[in-house]
Amino acid sequence: MTQTDKQVVGKLGEDLACVFLEKHGYEIIDRNYRKKWGELDIVAKKDGVLNFVEVKSVSRVTEYEPKT
């Protein structure tokens, strides 16, 4: 099955979020955990605490102009 552009961007966002979390000492327990009430993008653990992470990815390019 071919993924839509939105799905590709979403997976990339989740992958980057996992890299960030692992770099900061989190253990990734599960991804895309689904139940009848919904889905959790990432379940991560650090210092004995479970963290539920929702990832929002944007596919458009934005121009950043720093304030001076």
Response to the item:
dist K11:NZ -> S57:OG (nearest 0.5 Å) comes out at 11.5 Å
Worksheet, complete the sentence: Smallest heavy-atom separation, I42 atom then A17 atom, equals CD1-CB, 3.8 Å
Worksheet item: So, R31 and D15, do they make that salt bridge, N to O below 4.0 Å?
Response: yes
Item to complete: Share the residues that join L16 in a hydrophobic cluster, the rule being Ile, Leu, Val, Met, Phe, Trp or Tyr side chains under 4.5 Å apart at the heavy-atom level.
Response: L12
Worksheet item: Is a side-chain N or O of D30 found less than 3.5 angstrom from the main chain of I28, in a donor-acceptor match?
Response: no
Worksheet item: Taking the side chain as C-beta and beyond, is there a heavy-atom pair between V19 and L21 under 4.5 Å?
Response: no
Worksheet item: Under 4.0 Å between a Lys/Arg side-chain N and an Asp/Glu carboxylate O for K45 and E27?
Response: no
Discussion item. As a test of understanding, state which of E22, K23, H24 forms a side chain to side chain contact (heavy atoms under 4.5 Å, CB included) with F20.
Written reply: H24
Discussion item. Could you check whether any side-chain N or O of D41 sits under 3.5 Å from a backbone N or O of N32, counting only pairs where one atom can act as donor and the other as acceptor?
Written reply: no
Worksheet item: So which residues get pulled into V43's cluster when ILVMFWY side chains under 4.5 Å apart are joined, directly or through others?
Response: I29, Y33, W37, L40, L50, F52
